[in-house]
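Notes to accompany the following structure.
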Amino acid sequence: MEKISKIGLKGLKAALLAAPVMVAAGVASAQELRIGISAELSAMDPHYHNVSPNNMLARHIYEPLVGQDEKQTLKPLLAESWKAIDDTTWEFKLRQGVKFHDGTPFTADDVIATMQRAPNVPKSPSSFSAYVRGKEFSKVDDFTIRVKTATPAPLVPTDLSTFGIIPAKCKDTTTEDFNLGKCTTGGTGAYKQAEYVAGDRVVLTPNENYWGGKEPWSKVTFRMITSAPTRVAALLAGDIDVIENVPTSDVARLKGDAKLSVASTVSNRVIYFHMDHFREVSPFIKGKDGSEIKNPLQNLKVRQALSMAINRPAIVERIMEKEAIPAGQLLPDGFFGTSKKLKPVAFDLNGAKKLLAEAGYPNGFKMKLHGPTNRYLNDTKIIEAVAQMFSRLGIETEVETLPSANFFTRASQGGQGNVPEFSFILVGWGAGTGESSDSLKALLATFDPPKGMGATNRGRYSNKAFDAKLEEALRTVDDAKRDLALAEAMEIGMNDVGLIPTHYQLNTWASRKGVKVQARTDEYTLATGIRKE
Amino acid sequence: MSEATLPTAVATPPVEAKEETPFRRFARSFFEDRLAAFGLGLFVVIVLLALAAPLIAPQNPYDLASVDVMDSRLPPGDVAGEGFTMWLGSDGVGRDLLSGILYGLRISLMVGAFSGILAASVGMAIGLIAAYAGGRTENIIMRIVDLQLSLPSVLVALILVAALGKGVDKIIIALVMVQWAYYARTVRGSALVERRKEYVEAAQSLGLSHARTVFRHILPNCLAPVIVIVTVQTAHAISLEATLSFLGVGLPQTEPSLGVLIANGFQYMLSGKYWISVFPGIALLLTIVSINLVGDRLRDVLNPRLEK
Amino acid sequence: MLAFVLRRLAQALFVIAAMLVIVFFGVNVVGDPIYMLISPEMDQQQIAETARALGLDRPIWEQFLIFLKNAVQGDLGRSFVHGESAIKLILHRMPATLELAFVALFMAILIGLPLGLYAGLKPESRISRLIMAISILGFSLPTFWVGLMLILTFAVSLGWLPATGRGPTVSILGIDTSLLSLKGWQHVALPALNLALLKISLVIRLARAGAREAALMDYVKFARAKGLSQSRIIGVHILKNIMIPIVTVLGLEFGSLVAFSVVTETIFAWPGMGRLLLEAITRLDRPVIVAYVMVVVVLFVTINLLVDLIYSALDPRVRLTEATS
């Protein structure tokens, strides 16, 4: 809230700002940074809701033990180092001399308190319990923590990079009080929470005593602008300095604007098609004459033909306007646990037709594709383009797109007996952990709720060789060996066409000239990665 | 577009003059306004274009085999891979915009017409029941009508569509739900006036059935105000459908109405590919303006109060 | 009088109940909110945990009964997404929306009234015809389309006004407003104009019709005969006569301004309750949708009631009993 006496001055400044020339020159108080983000966050409580916008914002205020750099490689943060003592024990050495915003020193007690709070926030719509579950935390001394697990758990450091550490004093603070800024001890991060207006903005001020050094911004405002054209317009009009999630259609124009700069990098998000592997007769596949036929997707040759019929470069070029990269596996090359052998399947319509004929479908069949709207970049257009390509293969293809809310319910449990309803769907997957085990576990492992495997396997793909390889990888604590095992599992899944990846998105930011954004694979927009040039 | 623009007291047509049939008199009076004549002409052309879409469109925009992604975002006048010229350019998936607009018009007009006809039938039936039944039934019906009219249509439609889901049928249901009350109120009002008139009393004293009285005598005399409402509400429905589609709760993307085309082209506005959104926008605007011009004139012609 | 007010309130309760049932069960048919809430990486165990925490694991009728029980005690539930009281979230966002709607309303009068008067007093002139043609255009242009055009023109190309958001707010007597600073007005100008567009057309038509009728009235003719100046005739006699219907209609239209702000707020990133509703619809945040419906119905019923009461005070001929014909 502002004092009334300030208004006159504010108004004058605003009048100056409104002049176009001044805006172009970027007068907006040199120290202030205004960022337009594409999603609304749901709370300022770092443990309330495990979703990207919340985690991204919390990262400024409450730091996790382990950090992820712009390529999602793990790096020391509140933990200076960590090592596996044996297959089921990890030890974390904490950074010394770190203080919370109000000066309270950070110690192992805060970590223990956080581990108690994070999985147990009441009414959490998506909690962090999966990252804490099955781990026993103990304090060795003020700056050493040990984590015991029942089975080998190579991903403990990754798990602990997902949520921030709060001071022990705030362990009973409610979500509402976090929103109101009542955890006055604050976090250890580079910024302090100054204002939160739900659905509108978050204002941060720098932590003058940050252990990692001083930030260049005197104030950072995150504005939530969900409509993409509006976000771009706000940048062009000089309302804000940085926008994330630039629509593919505007990238070229923004790149050509001398007053703006654009930063981008490949994303950890893959767009892919999942297909019905588990039904003998699939509900949205029919013979050319409309009769019921045996599910052709259970035939490897059909799956290969479909993958081959997709012209990935065309999708990248014509739909994504080059803001994407053709995909051959679940994570871009170079990420941990990816295969060097897997390349995007080359477009070969004649080859695909031949395979389809060999599989016993020389005349094709009828199939309906399903996909969400406004969930992934250009989702509807991609699915329409793929439908066009399948039509040319001789498969009579229809498309139905649904609002996300409806789509994901039906795609996950809409069929008889709460099984996935559709035959062939477009979906996307972002690897929040920055390595492939997560993706493989969720998308390709045999559906097995008690074990937490195949949770998002909406095609119910199941392959024993794949499962065995993946399980081996998940038990392997040694990084090099695990990397190899994951890559092998990936090869098994991809060569068997368990799903059909099409492309990796590019994450793109645009900013006023003079403001440089560090592009990140995890789609996070961090003020700590934005610098003056 | 707005509820309050409707005259609440549209009266019956003036008593006919001797030398002209009522229709001729009406037509003459209607065409006195050149703007309205233009509107009617435009509307007829638009409807004909929409009806003839499969014959005149260069491409069937819903047939995925004939749409090629390689043709996407071509500017107006470029030639598509299949050899025909895309006079209005193409959209983000390579659909010829001229074809898309012609087919989109069909969907928009169909949604408008269907919801208009259905709402008129439902509303008139309910209004007549109210007027004819009287007493408690009438009271309850009219209270529901009042309430319905006090809630803004865009909001009711938005919430209904959110609850019903996407699809042409659902949009039509939602539009009928927000429109019927106008008809019910108007028809009831006119019917009450008609009922007291001598011919109805005469008809009843002759022992004619209720249904016959309603359909042969009361209904025809309520038609004038209903016609005005149909035009205004059809325009409103088309615009509302476009708005809902823009908000992402309207029609499915794969067989786009004008609203969906505009919404899809929206993301290209800032990048200079204006045609994807502007041309469908102009088509929508012309459609609505033509209907409104007609409706506006109809209101003046059928409402004797303002005649000097 | 009291009976009238009470009856209106009873009716309002009836609408609220009906809308509630539709929304509550309708949202459930569209999809399971759980898939809109959880992070995609979550496994089945966590999905089940979340469903339990939010009470979504129970059958829908049981959820409804629990909701009713709490509602009777004044608790409309907590937002699935934000975890806060749904009603509080809405009330928090309401001032921004009301502010926008009020500014739009005044714009409508300020622009529409003079144009409409002119068109009514000089019905045959070329300018009047132009005004009427424009007013038809105003009815026909879809709000969302005009919104982006306004941003493109005034914010992006000309750079005169900001494209998005609300200016700094100041709290006066407990009401937050951004209208006390120049910056606030700059921010509100475009969205309010966008929202006002339809109402400008409406006011033009009402004013024109009113002026045309009033010009034919005996007292105006009499005033003219008496030699009163044109401006006095317009200012005093005609204006006074047409203000009552305009104010009445606009009062009723205020509700539709609030409703249409859903569109405007989305385009202009205005932090009002319309955006909250849209966000809630896309995320299936049922408690917020339900609470929004209740708040809005209460708001409209209140406005209608006030308009009726004021109208009856202004015009004693109107009786507040609801005659059947």
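Order of the sequence lines fixes the chain letters, A, B, ..., with proteins taken first and strands second; residue numbering starts at 1 for each chain.
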Side chain to side chain contact (heavy atoms under 4.5 Å, CB included) between A/Ser404 and C/Met36, intermediate numbers included: CA-CA 8 Å; A/Ser404 299; C/Met36 291 286 94; 3.7 Å; yes
On a heavy-atom basis, which atom in [X] and which in [Y] lie closest, and how many Å separate them?
X	Y	value
A/Pro125	C/Val81	CG-O, 3.9 Å
C/Thr266	A/Ser227	O-CB, 3.7 Å
A/Ala237	C/Ala163	CB-CB, 4.0 Å
C/Met42	A/Ser126	CG-OG, 3.7 Å
A/Asn179	C/Glu84	ND2-OE2, 2.7 Å
C/Phe80	A/Tyr48	O-OH, 3.5 Å

Chain A contact residues among residues 145-154 of chain C, heavy-atom distance under 4.5 Å: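 Answer by number: C/Leu148, C/Ile151.
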So for [X], is it side chain, backbone, both, or neither that comes closer than 4.5 Å to the heavy atoms of chain C?
X	result
A/Ser124	backbone
A/Asn50	both
A/Ile240	neither
A/Ala130	both
A/Arg231	neither
A/Phe128	backbone
A/Phe447	side chain
A/Pro449	both

Interatomic spacing from OG1 in A/Thr230 to CH2 in C/Trp270 - rounded to 0.5 Å: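 Separation between the atoms: 14.0 Å.
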CD1 on C/Ile38 to NE2 on A/His49, rounded to 0.5 Å: 9.0 Å
From CA spacing to verdict: side chain to side chain donor-acceptor pair (under 3.5 Å), C/Gln45, A/Arg133: CA-CA 11 Å; C/Gln45 195 180 335; A/Arg133 193 196 301 149; 3.1 Å; yes
Flag if over 12 foreign heavy atoms under 6.0 Å of NE2, C/His92: no
Chain A contact via C/Arg52 - which portion, at a heavy-atom distance below 4.5 Å: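 Neither part.
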Contacting region of C/Thr164 [heavy-atom separation from chain A under 4.5 Å]: both
Max heavy-atom pair count under 4.5 Å with chain A, selected residue of C/Ala269, C/Ser39, C/Ala53, C/Gly31: C/Ser39
Stepwise side chain to side chain contact (heavy atoms under 4.5 Å, CB included) test for A/Met224 and C/Glu279: CA-CA 12 Å; A/Met224 305 168 209; C/Glu279 192 77 9; over 6 Å; no
Side chains of A/Ser129 and C/Glu49, donor plus acceptor under 3.5 Å: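 Yes, C/Glu49 and A/Ser129 have a side-chain donor paired with an acceptor closer than 3.5 Å.
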Pairwise side-chain contact, A/Val197 with C/Arg166, heavy-atom cut-off 4.5 Å (strictly under): no
A/Glu40 side chain near C/Arg283 side chain, heavy-atom distance below 4.5 Å: yes
